[in-house]
**Q** 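Can you read through this structure? Questions will come right after.
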Amino acid sequence: MKDLKKNFGLFLTLVLLFGAGCENEEQTATEDNNEWISIWDGETFENWRASENTESFQIEDGKIVVDGPRSHLFYEGPVEDAD
């Protein structure tokens with residue numbers, strides 16, 4: 001029982017810290033211009049790089065569809081210097 005209380009306290013602390021971190025990120029993003037910054041044109045993979053298996057990524061009806069071997073898609077464009 002003592003371990004359960006200890007683990008629950010740790011879990012609750014992590015949840016609160018995570019929530020506080022998310023809140024700050026949201027405030028920063030919305031305080032700047034009150035809207036989303038688009039980093040994808042909806043039509044091409046310009047400014048994007050696949051780590052491997054580029055054939056796993058396709059664009060269909062304005063959506064990125066992923067199907068195939070493992071790969072990651074990275075943004076390398078000019079918006080916020082890709083940060």
Side-chain angles (χ1 to χ4, degrees):
M1 187 68 159
K2 187 184 255 187
D3 287 337
L4 181 61
K5 287 182 181 179
K6 181 180 172 183
N7 289 337
F8 181 75
L10 178 61
F11 173 75
L12 185 58
T13 301
L14 291 172
V15 168
L16 292 173
L17 288 172
F18 177 77
C22 290
E23 182 179 327
N24 290 338
E25 285 181 26
E26 290 171 1
Q27 288 175 346
T28 302
T30 57
E31 286 175 6
D32 291 341
N33 59 11
N34 292 327
E35 60 186 59
W36 290 92
I37 299 172
S38 180
I39 59 173
W40 186 52
D41 63 14
E43 299 174 0
T44 69
F45 288 117
E46 183 177 344
N47 297 320
W48 291 85
R49 175 183 56 82
S51 61
E52 59 207 5
N53 301 312
T54 58
E55 68 279 357
S56 293
F57 299 101
Q58 303 295 321
I59 298 171
E60 296 176 8
D61 299 322
K63 298 177 194 106
I64 298 174
V65 178
V66 183
D67 184 32
R70 180 189 65 123
S71 189
H72 298 88
L73 200 57
F74 296 94
Y75 177 71
E76 298 182 326
V79 176
E80 299 290 325
D81 293 323
D83 184 19

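These figures come from a predicted structure and were not determined experimentally.
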**Q** So, using side chain to side chain contact (heavy atoms under 4.5 Å, CB included) as the criterion, who are the partners of Val65 when residues are at least two apart?
**A**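 Here the qualifying residues are Glu60.
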
**Q** What are the two closest non-hydrogen atoms of Ile59 and Glu43, and how far apart are they?
**A**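 Reported closest heavy-atom pair: CD1-O, 3.3 Å.
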
**Q** Should Phe74 and Ile39 be regarded as members of a common hydrophobic cluster, given that ILVMFWY residues are connected when their side-chain heavy atoms come within less than 4.5 Å of each other, either directly or indirectly?
**A**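 They do not share one cluster, since no chain of ILVMFWY contacts under 4.5 Å joins Phe74 to Ile39.
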
**Q** With sequence neighbours excluded, give me every side-chain hydrogen bond (donor to acceptor under 3.5 Å, both in side chains) pair touching residues 48-59.
**A**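 Residue pairs with at least one partner in residues 48-59: Arg49-Glu76, Glu52-Arg70.
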
**Q** Could you work out, with side chain to side chain contact (heavy atoms under 4.5 Å, CB included) as the rule, every residue matching Ile64, not counting sequence neighbours?
**A**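 Side chain to side chain contact (heavy atoms under 4.5 Å, CB included) check on Ile64 returns Trp40, Phe45, Phe57, Val66, Leu73.
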
**Q** Test of understanding: with side chain to side chain contact (heavy atoms under 4.5 Å, CB included), list the residues that count as partners of Thr44, not counting sequence neighbours.
**A**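 Result, side chain to side chain contact (heavy atoms under 4.5 Å, CB included) vs Thr44: Asp41, Glu46.
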
